[in-house]
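Residue numbers begin at 1 in each chain, while the letters A, B, ... track the order of the sequences. Since the model is a prediction, treat every value here as computed from it, not as a measurement. Note that these values count all heavy atoms, side chains included, but never hydrogens, waters or copies made by symmetry.
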Number of protein chains: 2
Amino acid sequence: MPKASSGSISSENLASHLGLSDASVRRDLAYFGKFGTPGVGYKAEELKESILAVMSSQCLYRGVLIGVGNLGAALLAYKGLKLANFDIAAAFDRDPKKIGKTYGSVKILDVKELAHFIQQEGIEVAILTVPAQSAQAVADMAVAAGVKGILNFAPVNLSVPEEVLVSQIDLGIELESLLYFLRERTHSAVS
Amino acid sequence: MPKASSGSISSENLASHLGLSDASVRRDLAYFGKFGTPGVGYKAEELKESILAVMSSQCLYRGVLIGVGNLGAALLAYKGLKLANFDIAAAFDRDPKKIGKTYGSVKILDVKELAHFIQQEGIEVAILTVPAQSAQAVADMAVAAGVKGILNFAPVNLSVPEEVLVSQIDLGIELESLLYFLRERTHSAVS
DNA sequence: ACACCTTGTAAAGTTTTTTTCCAAAAAAGA
DNA sequence: TCTTTTTTGGAAAAAAACTTTACAAGGTGT
């Protein structure tokens, strides 16, 4: 592994830490601008600033999280979301025991207020962490109220107008995929 | 959208429900065997049986879940895992308040017993739902004890021997990706 | 001034994914 | 029975995505 010199780091060095090739690192960084200096590499501090600058230059999106079960609560607690210039304006649930509570700085509202809230606040993104059987109905509500993107954790194929972007996350499929590759690997090792 | 005829469904019909092309559906199904009949399509009941047969013909993997926070609890409650012929043999945590409890049929044990349990039970897969700062240490333990695959939810690049398969799930990155495409779409719509 | 690094980017190469195409199989109508 | 229609499975072609190679241009140190 190449060693880091004072304050600077080369694409080769970065690559070895990330498990990529030097060319990939350069290409990916270059996509957003010129952050390095030829013959030297990337100055760590500068690179960090530049990346943060690119990320925060992206316009802010405001979103709601719908369904405060275990998974929803986990996401509310997860700090990584703010990094993406994403702001959870409110969470929604149908359970009266949860409504009115606050997770961090996010308030839990009654799902009946969802449409009104989305319209009033100009919400563009919804994170769906509701049970599978309610997912389509909730998505329909959110889309009708004006949401443009959905991050869907329910194991259901949502049907939405094509101008709405859905990103599907199925934890079961991730696991199956891992197991599949494990089996492939052990099988080919035997044969 | 094509209509379904009694008991049978064509690849084109399946495809339209899944948002794929007919050819893709046929190719993907054919990968595991011949389930359809030319001129007719796939008999729904038969296809379902065949898919279940393929899935359960895959050898069973046993795994442990490490870190019973909100996310861990959500996964323990999620029934989709059993479908993949995957069995969570036990969960682990370091919090004495959680140790000894039972989620569904899964018992929560002390993380100190992790290595011993993995070896004793021949566990092959670990699901990591621990905080980022403990992820590498826990992964090291699991790998040393014999785990061959890791499903990692901590936003950390695990470093493991290359014979160990790691599947990384970063919910923050999923969200960023969604936002990125949303921005791309709205920008190109303007210009 | 010269030798040596290392970036950014274009071009080439590779891999993966998707689509197209068609022989063969099944059903339905003549 | 024979022909037409439908639809599969799989081969071959096409397209797309991803990686690597290659190198001019920009910088550093002697």
Side-chain angles (χ1 to χ4, degrees), chain A residues 1-51 53-54 57 157 162 165 167-168 170 173-174 176-178 180-181 184-185 188, chain B residues 1-51 53-54 157 162 165-168 170 173-174 176-178 180-181 184-185 188:
Chain A
M1 184 177 302
K3 64 185 173 195
S5 68
S6 65
S8 286
I9 189 166
S10 67
S11 56
E12 189 190 346
N13 198 329
L14 278 168
S16 76
H17 284 283
L18 296 166
L20 301 169
S21 70
D22 54 339
S24 295
V25 169
R26 289 205 298 280
R27 229 197 357 47
D28 291 351
L29 286 174
Y31 182 80
F32 290 103
K34 300 184 182 183
F35 303 131
T37 51
V40 179
Y42 301 89
K43 296 203 175 143
E45 205 51 45
E46 254 177 47
L47 182 57
K48 187 178 153 192
E49 295 300 322
S50 301
I51 290 174
V54 167
S57 78
N157 243 297
E162 68 169 327
L165 217 51
S167 159
Q168 181 74 32
D170 191 324
I173 285 180
E174 298 292 337
E176 286 206 43
S177 167
L178 174 70
Y180 182 78
F181 285 115
E184 267 211 333
R185 178 174 288 194
S188 60
Chain B
M1 185 177 299
K3 64 186 172 194
S5 68
S6 66
S8 286
I9 189 165
S10 66
S11 56
E12 189 189 346
N13 198 330
L14 277 169
S16 76
H17 284 283
L18 296 167
L20 300 169
S21 70
D22 55 338
S24 294
V25 169
R26 287 203 300 280
R27 243 228 305 71
D28 291 351
L29 287 174
Y31 181 80
F32 291 102
K34 299 184 182 184
F35 304 129
T37 51
V40 179
Y42 301 88
K43 297 203 175 143
E45 206 52 45
E46 255 177 46
L47 182 58
K48 186 177 153 192
E49 295 301 322
S50 303
I51 290 174
V54 167
N157 244 298
E162 68 170 325
L165 217 52
V166 175
S167 160
Q168 180 73 34
D170 190 326
I173 284 180
E174 297 293 337
E176 286 205 44
S177 167
L178 175 69
Y180 183 78
F181 285 116
E184 266 210 334
R185 179 175 287 197
S188 61

So, does [X] get its side chain near the phosphate of [N], meaning an N or O under 4.0 Å from OP1 or OP2?
| X | N | answer |
| --- | --- | --- |
| A/R26 | C/dT7 | yes |
| A/S11 | C/dT7 | yes |
| B/S21 | C/dT19 | yes |

Calculate the interatomic distance between [X] atom [atom1] and [N] atom [atom2]; express it in whole Å.
| X | N | atom1 | atom2 | answer |
| --- | --- | --- | --- | --- |
| A/L14 | C/dT6 | CG | P | 12 Å |
| A/Y31 | D/dA17 | OH | C1' | 14 Å |
| B/L47 | D/dT7 | CG | P | 16 Å |
| A/F32 | C/dT7 | CZ | P | 18 Å |
| B/I9 | D/dT7 | CD1 | C1' | 13 Å |
| B/E46 | D/dT8 | CD | P | 13 Å |
| B/F35 | C/dA26 | CZ | P | 17 Å |
| A/R27 | D/dA22 | CZ | C1' | 14 Å |

**Message:** If I take atom NE2 from residue A/H17 and atom CD from residue A/E12, how far apart are they, to the nearest 0.5 angstrom?
**Reply:** 11.0 Å

**Request:** Of all the heavy-atom pairs spanning A/A15 and A/D22, show the shortest one and how long it is.
**Result:** CB-N, 3.5 Å

**Request:** For residues A/S10 and A/Y42, report the shortest heavy-atom separation together with the two atoms involved.
**Result:** C-CD1, 4.5 Å

Which nucleotide sits closest to the side chain of [X]: [options]?
| X | options | result |
| --- | --- | --- |
| B/Y42 | D/dG10, D/dT8, D/dT21 | D/dT8 |
| B/K34 | C/dT7, D/dG10, D/dT8 | D/dG10 |
| A/A30 | C/dT19, C/dG8, C/dT7 | C/dG8 |
| B/P38 | D/dT8, D/dA25, C/dT19 | D/dT8 |

**Asked** For DNA chain C, whose closest nucleotide is more 5', that of A/G39 or that of A/G36?
**Response** A/G39

**Complete:** Per nearest nucleotide of DNA chain D, the residue lying toward the 5' end, A/L20 or A/T37, is A/L20

**Prompt:** Taking side chain as C-beta onward, heavy atoms only, is A/F35 less than 4.5 Å from A/E49?
**Reply:** no

**Asked** Considering only heavy atoms from C-beta outward, does the side chain of A/E174 approach that of A/L178 to under 4.5 Å?
**Response** no

